[in-house]
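Please read the structure below before turning to the comments.
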Amino acid sequence: MENHTVNVRDLDPGDRAVFERVIGRPLHENEQMMIQLVGADASTSPDGATAHMPEWSDVYNGLSDEEVAEFRQESGPESS
């Protein structure tokens, strides 16, 4: 498993455009992307350890689409 942190402001315009297409929204200069690479079998990483996101990362779990939209709206533009 590999972890990478990418500062949006450090991306050249072409790379930034690719990430914006993948993510589906414009990126902001003050944002960072945290990218985690795991093996093709998402249940295990290359070293055999179980690969999973930490429990805290599933912040929308159990919320309806409407609740997520309301939360994101109330959180301001930085959460989009």
Side-chain angles (χ1 to χ4, degrees):
M1 178 169 49
E2 295 177 50
N3 294 304
H4 301 272
T5 301
V6 179
N7 292 310
V8 171
R9 70 177 159 270
D10 296 338
L11 292 171
D12 69 53
D15 290 341
R16 182 173 175 163
V18 169
F19 282 112
E20 289 175 334
R21 281 194 300 274
V22 169
I23 293 169
R25 68 165 181 83
L27 297 172
H28 304 284
E29 290 292 312
N30 63 341
E31 292 181 312
Q32 287 184 326
M33 295 183 296
M34 298 171 63
I35 302 169
Q36 185 177 61
L37 303 174
V38 296
D41 175 5
S43 64
T44 60
S45 64
D47 64 2
T50 300
H52 64 281
M53 295 297 291
E55 199 171 305
W56 58 262
S57 68
D58 197 7
V59 296
Y60 298 136
N61 186 29
L63 297 178
S64 68
D65 290 343
E66 293 80 20
E67 290 170 321
V68 171
E70 181 181 343
F71 172 78
R72 292 180 67 134
Q73 182 178 11
E74 289 176 3
S75 299
E78 294 301 313
S79 66
S80 298

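Distance alone, capped at 3.5 Å, is enough to place a donor-acceptor pair between the Asp12 side chain and the Gly14 backbone.
Remark: Glu20 CD to Leu11 CG distance equals 9.0 Å, nearest 0.5 Å. To the nearest 0.5 Å, atoms CD (Gln36) and OG1 (Thr5) are separated by 11.0 Å.
When all heavy atoms are compared, the tightest approach of Asn7 to Gln32 is OD1-NE2, 2.7 Å.
A search for side-chain hydrogen bond (donor to acceptor under 3.5 Å, both in side chains) contacts involving Asp15 returns nothing, not counting sequence neighbours. Qualifying side-chain hydrogen bond (donor to acceptor under 3.5 Å, both in side chains) partners for Ser64, counting only residues two or more places apart in sequence or in other chains: Glu66, Glu67.
At least one side-chain heavy atom of Val8 sits under 4.5 Å from a side-chain heavy atom of Arg16.
Cluster membership for Ile23 and Leu37, using ILVMFWY side-chain heavy atoms within less than 4.5 angstrom, is shared.
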